[in-house]
Amino acid sequence: MHAGSHDVAIIGAGAAGMMCAAVAGQRGRRVLLLEHSTRVGEKIRISGGGRCNFTNTQADLKHYLGRHPEFARQTLAGYTPRDFIALVRRHRIGFHEKHKGQLFCDDSSQRIIDMLHAECVQGRVQWMQPVKVHDVHRQRSGFCLATSHGNVYAERLVVATGGLPVPKIGATDYGLRLAQRFGLQVIPPQPALVPLTFAPESWKPYAELAGVARAVRVKCGEQFFDEDLLFTHRGLSGPAILQISSFWNPGESLTIDVAPGHDISLQLRQAKAQSRQSLLNVLAQSLPRRLAQTWVEKLGLPGERRIAELADAKLAALGAAVAGWTVQPTGTEGWQKAEVMRGGVDTAELHPVTLESCQIPGLHFIGEVVDVTGWLGGYNFQWAWASGYAAGMAV
Ligand SMILES: Cc1cc2nc3c(=O)[nH]c(=O)nc-3n(C[C@H](O)[C@H](O)[C@H](O)COP(=O)(O)OP(=O)(O)OC[C@H]3O[C@@H](n4cnc5c(N)ncnc54)[C@H](O)[C@@H]3O)c2cc1C
């Protein structure tokens with residue numbers, strides 16, 4: 001064996017790469033993990049507001065999207081949230097459930113990084129960091145990686161370079177380019193779980209609502225989410241918008257019920273019959289006042305007039321506008337603000353049990369670089385763990 005040779009080389013020491021390295025190493029494989037940044041697991045560190053929403057107890061196939069949605073079924077079944085929770089418990093990391101099955105560390109997300117590092121140590125994983133991988137060549141058996149530390153040989157190569165979000169902490173398109181160079185199809189990457197933006201002129205009436213948050217129902221096509229929305233200076237954000245952004249394509253509209261669970265038309269009609277209050281005061285019973293004001297102005301209604309003086313048709317129009325606000329975003333806040341990448345290595349190219357390329361034996365892709373994208377709420381890490389585990393067991 002050559003001195004720089006290993007059973008497995010893994011490019012990218014993030015969530016999926018470290019998981020894969022630990023699993024393969026603990027199976028007795030000689031693993032080399034190559035990372036170009038000076039720190040490892042940076043996305044884990046910044047995730048979940050610093051507390052890492054590391055999984056979701058409800059994770060199943062319906063929380064994932066991609067061109068071939070069925071692909072992830074077997075991978076996810078092979079390593080479940082329960083498996084990861086057991087690992088977290090073994091390392092005595094405190095955690096709690098926040099919302100809809102989302103599990104967060106009690107203290108810092110650094111605990112998850114330390115846990116993965118310790119698991120790698122147990123698997124005698126070797127590290128090469130920081131390192132630049134200049135090129136990768138297939139050999140008769142295995143792969144040769146030309147790196148800034150010299151050549152490295154490995155029987156198997158796992159690409160775990162993640163997605164494009166947050167380039168300033170080390171995200172690159174290296175994995176996508178490598179896949180293309182080996183002839184694998186790549187679904188064009190797009191920012192997902194990302195705030196949406198609007199043309200400045202059309203957003204003017206709403207820009208002053210920046211900071212207002214509100215539980216809404218947001219819909220794009222058949223997909224909808226009941227979550228909080230946040231107005232920003234440039235558009236919309238908050239969990240509802242991040243979720244729907246993964247389903248939104250340029251040119252499409254969103255429909256937003258700003259007061260879900262309230263029949264505003266009925267409320268206005270009843271108030272007209274019984275109340276001496278102004279239109280604005282009645283509407284402000286169901287909406288934050290700034291929001292109510294914006295809607296009243298948008299429809300050119302006299303907010304200070306007593307509601308009893310207003311025509312039924314105008315009140316009905318107001319009720320309909322609040323329940324079915326239709327907006328057409330012009331774009332997203334892009335890779336700087338996206339939490340995840342949509343698209344990536346086409347899963348039609350990969351085996352669902354091993355994540356190995358169907359065309360290039362010994363070449364595996366795991367984590368976010370693959371065209372499997374989770375909803376907001378711990379699903380993306382669960383994909384990273386499950387795909388890392390699957391490849392770790394196969395290499
Ligand atoms: C702000 C933010 C918050 C998030 N919060 C959550 C959350 O709470 N829950 C959740 O489930 N998901 C969350 N995510 C998504 C989650 O972080 C990713 O889906 C997950 O980290 C993907 O794992 P990965 O191993 O595929 O990629 P990464 O964890 O991104 O790891 C990829 C690694 O590869 C390295 N790399 C890249 N290019 C090269 C190269 N050319 N050579 C060598 N190394 C390279 C990178 O430096 C990095 O260390 C969040 C994302 C962001 C941006």
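Every number for a ligand or one of its atoms is a count from 1 in the order of the listing. We use all heavy atoms of the structure for the numbers below, so side chains are in, but hydrogens, waters and symmetry mates are not.
Atoms of ligand 1 found under 4.0 Å from any heavy atom of N380, numbered from 1 in the order shown, are 11 (O), 12 (N), 19 (O). Near G48, meaning under 4.0 Å from one of its heavy atoms, ligand 1 places the atoms 5 (N), 8 (O). Of all atoms in ligand 1, numbered sequentially from 1 with element shown, those under 4.0 Å from a heavy atom of S37 are 47 (O). Listed by number with element, the atoms of ligand 1 under 4.0 Å from a non-hydrogen atom of A160 are 32 (C), 33 (C), 34 (O). Near A338, with a cut-off below 4.0 Å to any heavy atom, the atoms of ligand 1 are 53 (C).
The closest approach between any non-hydrogen atom of V166 and ligand 1 is below 4.0 Å. Within the 4.0 Å heavy-atom cutoff, E339 counts among the residues contacting ligand 1. Note on ligand 1: I46 sits in its first shell, one or more heavy atoms being nearer than 4.0 Å.
No single ILVMFWY cluster, assembled from side-chain heavy atoms under 4.5 Å apart, contains both L176 and V166.
Scanning all protein heavy atoms for the shortest distance to atom 35 (C) of ligand 1 gives E35 OE1, 3.2 Å. For atom 28 (P) of ligand 1, the closest non-hydrogen atom of the protein is G14 CA, 4.1 Å. What sits closest to atom 38 (N) of ligand 1 on the protein, heavy atoms only, is T172 OG1, 2.6 Å. From the protein, the heavy atom lying nearest to atom 18 (C) of ligand 1 is E368 OE1, 3.0 Å. Counting protein heavy atoms only, atom 23 (O) of ligand 1 is closest to A15 CB, 3.7 Å. At the shortest separation from atom 43 (C) of ligand 1 among protein heavy atoms lies H36 N, 3.3 Å. The closest protein non-hydrogen atom to atom 21 (O) of ligand 1 is F381 CE2, 3.3 Å. Atom 34 (O) of ligand 1 has G12 CA, 3.2 Å as its closest protein atom, hydrogens excluded (heavy atom only).
Between the side chain of R276 and the main chain of A308, no donor-acceptor pair closer than 3.5 Å is present. When atom types are taken as modelled, the side chain of T330 and the backbone of A199 share a donor-acceptor pair closer than 3.5 angstrom.
Seen from the ring of F104, R51 does not count as a face-on cation partner, given the 6.0 Å and 45° thresholds.
Salt bridge annotation for R269-D263: absent, with no cationic side-chain nitrogen under 4.0 angstrom from a carboxylate oxygen. Under the 4.0 Å criterion applied to side-chain N and carboxylate O atoms, R290 and E208 are not assigned as salt-bridge partners. Salt bridge annotation for D7-R29: present, with a cationic side-chain nitrogen under 4.0 angstrom from a carboxylate oxygen.
In terms of polar-atom proximity, defined here as any N/O pair under 3.5 Å, Y174 makes no such contact with ligand 1. Checked by distance only, ligand 1 and V133 stay at 3.5 Å or farther apart across all their nitrogen or oxygen atoms.
Under 4.0 angstrom from ligand 1, there are no non-hydrogen atoms of W383. Contacts of I11 with ligand 1, taken as heavy-atom pairs under 4.0 Å, involve the side chain alone. Using a 4.0 Å cut-off between heavy atoms, N53 contacts ligand 1 through both its backbone and its side chain. Within the 4.0 Å heavy-atom criterion, neither part of A171 lies near ligand 1.
When each of R217, K100, K219 is tested with E227 by the rule salt bridge (Lys or Arg N to Asp or Glu O under 4.0 Å), just one qualifies, namely K100.
Within a 6.0 Å sphere centred on OH of Y79, other residues, nucleotides and ligands contribute more than 12 heavy atoms. Summarising the local packing, CZ of R124 is surrounded by 12 or fewer heavy atoms from other residues, nucleotides or ligands at distances under 6.0 Å.
Under 3.5 Å, the side chains of S278 and E304 contain no donor-acceptor pair of N or O atoms.
Note on ring orientation: taking the six-membered ring where Trp is involved, the planes of F225 and W375 are perpendicular (angle over 60°, cut-offs 30° and 60°).
Interatomic distance, L315 CG to L299 CG, rounded to the nearest 0.5 Å: 10.5 Å.
Of the candidates A16, G344, S47, A16 brings a heavy atom nearest to atom 24 (P) of ligand 1.
Between Y379 and W383, the gap from one ring centroid to the other reaches at least 6.0 Å.
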